[in-house]
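Chain letters run A, B, ... following the sequence lines, proteins first and then strands; every chain starts at 1.
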Number of protein chains: 2
Amino acid sequence: MVNEARKELVFRRGEVMSREGEPINSFMYLREGLVKLYKTNIHGKDQILSINIPGDFINLLSIFSTTEYKYSITALEETKVCEVNLDVIKKLVKSNSKFSLRLLNRISYISDEVIQNHFEINQKQVKGRVAYFLLFLADHIYKSHTYRMPVTRREVGELISMTTENTIRTLSEFRKDEIIGMDGKTISILDYERLVNIGRTG
Amino acid sequence: MVNEARKELVFRRGEVMSREGEPINSFMYLREGLVKLYKTNIHGKDQILSINIPGDFINLLSIFSTTEYKYSITALEETKVCEVNLDVIKKLVKSNSKFSLRLLNRISYISDEVIQNHFEINQKQVKGRVAYFLLFLADHIYKSHTYRMPVTRREVGELISMTTENTIRTLSEFRKDEIIGMDGKTISILDYERLVNIGRTG
DNA sequence: TACAAAATATGACAAATATCATATCGATAA
DNA sequence: TTATCGATATGATATTTGTCATATTTTGTA
């Protein structure tokens, strides 16, 4: 049943996959690539909720609470998504309690992560926030101390709630202090311990 | 089945109902009263996640993602809770797909609310935050323009991410500007429109 | 009641962060 | 190729917020 209803979609870097306010009519599983979930405020500024990676059900947080997207989703790089019609999923939930328990676990876990993340960011100041994000990319996304940042400095700021200028300034400072190496978008963490310490204490 | 496993509990103001790190072994439905969910950070300071009211499943956000509380829960006033053993609930989810769909909807809705709330607070400055909270109490909790605040100024600060001093200062300012009346913990909103405007623009 | 502790209150000052200005670099499209 | 726009970069300054000190009031409890 699910197999028949499945559709494969490819999005290019920068493409908006779904927009705040639009009706939700599919369940999206991220196969390849990277996406951002974000909300645009009344001043036209974006706040990024999360960055999602392959294996994530990228719109799971919304589909059971509302019929319209509360956040927009944009591809940060070439992204492949597996879409399943939402009605099919909802029928499956009704008929298959194992499936719904798995969804319950998953949705619970995701919301925990988002909230936890928000708390962490909130109690840190600029340096701690940038350190936290650099470590998030190293530990959670790329599993490497050297990586190419998938977002602009502005987007980093939108994720950790600070201005673009202060984000750039803080990165420059980390470079000057030889905590990181930086070549355009390529970051290499030179002093992991120190970064962890900055990320922990704020 | 659920009826037999049900237990009624009463907590007094200030009583800790569950503590971060403790095992979760019941499902809690709030019948009467008011509680706060909060997290204590490494500096020993609390950050309040939400204030819950009768009708809320106060630990729903945690029970399917983890076996231990991620947040503490404390009664803000005399509170009556209906507790059901967690195993009973989990069995029910497995056997009753309508029930699990309802839980899915509910959990989704709650996490949306928490995240939404955090976003709102985050993009405002002190005055906007205090206004937002005063309106939250008026519109959502008490459905009245005059009410007795259920929390201290410190707790208000813990909820809207600012210091106790600035919370107090901002309230005093609102009083001086005749936007609110204040007598101890009793608040009366005198200029609702202006408060809405402050809460909207920041 | 009386005492201690917590909550409220306010001022002065320090620290953190945002804003504005301006420059350079780099990618993209005509 | 060149022009343009967005991204990165950095300094100067303004604004916001936090911190520290200290006083008063309220609350809870012996």
Measure from CD on A:Glu158 to P on C:dA18 and round the result to the nearest Å. 13 Å
Check whether B:Asn59 reaches the backbone of B:Met28 with its side chain - one donor and one acceptor, N or O, closer than 3.5 Å. yes
In whole angstrom, give the distance that lies between atom CD of B:Glu155 and atom P of C:dA7. 8 Å
Does the distance from a Lys or Arg side-chain N to an Asp or Glu carboxylate O, for B:Lys70 and B:Glu20, drop under 4.0 Å? no
If you look at every heavy atom in B:Arg13 and B:Leu76, which pair is closest and at what distance? CG-O, 3.3 Å
Find the distance between OG1 (B:Thr170) and CD1 (B:Ile160) and round it off to the nearest 0.5 Å. 7.5 Å
Mind calculating the distance between CG (B:Asp183) and C1' (D:dT25) to the nearest angstrom? 12 Å
Aromatic ring centroids of A:Phe27 and A:Phe57 under 6.0 Å? yes
Letter by letter from the 5' end, nucleotides 7-19 of chain D scores (B base, S sugar-phosphate only, - none; protein heavy atoms under 4.0 Å) SBBBBB---SSBB
